[in-house]
Structures are given as C-alpha cells and as structure tokens.
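Small disclaimer: the values here were computed from a predicted structure and weren't measured. The first residue of the sequence shown is numbered 1, and numbering continues consecutively from there.
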Amino acid sequence: MTLRIRHTLAAAALLALGMPAFAQTTIKDPWVRGTVEQQKASGAFMQITSANGGKLVAASSPVAGMVEIHEMAMEGNVMKMRSVPGLDLPAGKTVELKPGGYHVMLMDLKQTLKAGDTVPLSLVVEDKDGKRQTIEVKAPVRALGADAHDVKKH
Ligand SMILES: [Cu+2]
C-alpha cells in the first residue's frame with residue numbers, strides 16, 4: 001500500500017514539473033554524419049538510457065524518406081549492416097549507437113547534411129507494457145571527414 005501511494009505521488013510530482021512520463025528514457029550526444037551532394041544515406045548516433053528498460057522500435061526524420069534501425073554484423077568475413085525490428089534498451093544501461101555498431105539509418109535523404117546543420121529526429125521507444133512514446137531529438141551534423149575510416153561501411 002505504501003509503495004502504491006509513493007508511486008502515485010511520484011507521478012503527480014512529475015506532472016507538476018511538466019516533465020513527460022517518458023523522461024525515464026534519455027538521449028545523450030545525438031549526432032548525424034554529414035553527407036556530400038547526391039549522397040542518399042547517412043547514420044545517426046547517440047547514447048540511449050532507459051531507466052526501466054524498453055525498446056527502440058522506430059525512428060523518423062523530416063530530412064529522410066525512410067529511416068531504419070540498423071546493426072552491424074559479420075556475414076562470413078564481411079561486416080555488413082542490416083535492419084533490425086528493434087533495439088533492446090536494458091534497464092539502467094546505456095546503449096551506444098556509434099559508427100561501426102548500432103545506428104539509426106537515414107535513407108532517401110532529401111537534402112545534403114552539412115556540418116553545423118541540425119537534424120530533427122523522432123525516436124519511438126516502447127516500454128515493457130507495450131506503450132509507445134515518441135522522443136524528439138535535435139542532432140547536430142558532424143563533418144563527414146570526422147570519422148572517415150567508417151564511411152566505406154556505409
Ligand atoms: Cu545502416
């Protein structure tokens with residue numbers, strides 16, 4: 001009983017502060033790799049921490065016609081990327097999306113992404129009860145050359 005009351009109070013406190021209930025999932029250091037003209041795809045990277053655990057199930061961006069969640073995996077001797085239906089976010093653990101690992105793949109790009117630009121991203125996180133929340137992130141674009149050795153993987 002005491003626990004239930006505490007829970008209710010905590011929820012009320014969050015509402016009073018105007019904090020969204022999904023504040024339990026935090027996104028740190030989001031960024032997008034810059035592109036050259038005519039390049040149609042790029043990757044978005046960030047650190048995601050879900051306090052109670054959940055799953056990143058979808059993403060979208062106004063700059064991309066299509067967005068997928070990708071992982072890098074060995075196929076034979078070759079490292080390849082492929083789309084996954086979701087990315088598990090274990091409770092309290094920071095999951096890092098980075099070049100050479102998990103990433104949000106921006107495809108069908110509608111514009112060139114230049115260093116200094118900001119790319120809006122909508123990330124859909126599903127909690128353990130199957131409830132979905134959308135988290136809006138503004139990711140700065142970093143120069144393509146900043147991580148040149150990874151570019152060929154894309
Ligand atoms: Cu990819």
Side-chain angles (χ1 to χ4, degrees), residues 14-15 17-154:
L14 283 176
L15 284 175
L17 287 170
M19 284 176 69
F22 56 86
Q24 59 115 344
T25 299
T26 52
I27 312 284
K28 237 183 88 188
D29 293 335
W31 64 281
V32 171
R33 198 202 309 271
T35 61
V36 292
E37 229 170 297
Q38 304 304 322
Q39 190 182 336
K40 285 292 167 199
S42 187
F45 312 94
M46 68 204 74
Q47 290 165 26
I48 310 176
T49 311
S50 170
N52 299 328
K55 204 174 205 183
L56 176 66
V57 291
S60 62
S61 173
V63 304
M66 194 163 125
V67 181
E68 290 181 350
I69 302 158
H70 277 189
E71 67 172 358
M72 303 293 294
M74 292 300 284
E75 269 178 35
N77 289 323
V78 188
M79 193 70 152
K80 284 193 172 165
M81 62 180 181
R82 63 183 175 208
S83 112
V84 290
L87 172 56
D88 276 323
L89 306 171
K93 281 211 180 124
T94 299
V95 176
E96 195 169 0
L97 281 67
K98 59 183 179 192
Y102 288 110
H103 54 278
V104 171
M105 192 79 193
L106 308 173
M107 288 171 292
D108 217 347
L109 287 175
K110 296 168 184 170
Q111 63 194 70
T112 306
L113 305 176
K114 293 187 288 283
D117 287 355
T118 300
V119 173
L121 294 170
S122 298
L123 304 163
V124 182
V125 173
E126 189 175 280
D127 68 16
K128 284 179 189 150
D129 304 322
K131 258 197 232 153
R132 289 184 173 199
Q133 300 284 357
T134 302
I135 303 170
E136 308 289 344
V137 172
K138 293 210 187 308
V141 176
R142 287 191 198 164
L144 184 66
D147 212 341
H149 78 273
D150 274 311
V151 172
K152 6 184 211 310
K153 287 178 189 166
H154 268 255

Do you know the tightest heavy-atom contact between Ala59 and Val67? O-CB, 3.3 Å

Determine, step by step, whether Val57 and Arg132 satisfy the side chain to side chain contact (heavy atoms under 4.5 Å, CB included) criterion, reporting the C-alpha distance in whole Å, the side-chain angles of both residues, the deciding distance to 0.1 Å, and the verdict. CA-CA 9 Å; Val57 291; Arg132 289 184 173 199; 3.8 Å; yes

Using a 3.5 Å cut-off and no angle test, enumerate the donor-acceptor pairs between side-chain atoms of residues 110-119 and protein atoms at least two apart in sequence or in another chain.
| residue | atom | partner | partner atom | Å |
| --- | --- | --- | --- | --- |
| Asp117 | OD2 | Lys114 | N | 3.0 |

Please output the side-chain donor-acceptor pairs of residues 79-101 that fall under 3.5 Å, not counting sequence neighbours, one pair per line with the distance.
| residue | atom | partner | partner atom | Å |
| --- | --- | --- | --- | --- |
| Arg82 | NE | Glu71 | OE2 | 2.8 |
| Arg82 | NH2 | Glu71 | OE2 | 3.2 |
| Thr94 | OG1 | Thr49 | OG1 | 2.9 |

Closer than 3.5 angstrom, by distance alone: can the side chain of Lys40 be matched with the main-chain N or O of Leu109 as a donor-acceptor pair? yes

Less than 4.5 Å apart, any side-chain heavy atom of Lys28 and any of Met46? no

Classify the angle between the aromatic ring planes of His70 and His103 as parallel (below 30°), tilted (30 to 60°) or perpendicular (above 60°). perpendicular

Heavy-atom closest pair (Thr25 atom, Ile48 atom, distance to 0.1 Å) is CG2-CG2, 3.8 Å

Minimum heavy-atom separation for Lys138 and Pro140, please, with both atom names. O-CD, 3.6 Å

Walk me through it: do Ile135 and Ser122 pass the test side chain to side chain contact (heavy atoms under 4.5 Å, CB included)? CA-CA 6 Å; Ile135 303 170; Ser122 298; over 6 Å; no

Which residue pairs satisfy the side-chain hydrogen bond (donor to acceptor under 3.5 Å, both in side chains) criterion with at least one member in residues 53-63, sequence neighbours excluded? none

Out of curiosity, Leu106 CG to Thr35 OG1, how far, rounded to the nearest 0.5 Å? 9.5 Å

Note: Phe45 and Tyr102 closest approach over all heavy atoms is CD2-O, 4.3 Å

Mind running side chain to side chain contact (heavy atoms under 4.5 Å, CB included) on Leu123 and Ile27 for me, showing each step along the way? CA-CA 10 Å; Leu123 304 163; Ile27 312 284; 3.6 Å; yes

For Asp29 and Gln47, work out which heavy atoms get closest and say how close. OD2-NE2, 4.0 Å

Between Val141 and Gly34, which heavy-atom pair has the shortest distance, and what is it? CG1-CA, 3.4 Å

Take Asp127 and Asn52, measure what side chain to side chain contact (heavy atoms under 4.5 Å, CB included) needs, and give me the verdict at the end. CA-CA 8 Å; Asp127 68 16; Asn52 299 328; over 6 Å; no

For Ala58, check side chain to side chain contact (heavy atoms under 4.5 Å, CB included) against everything at least two apart and list the hits. Val124

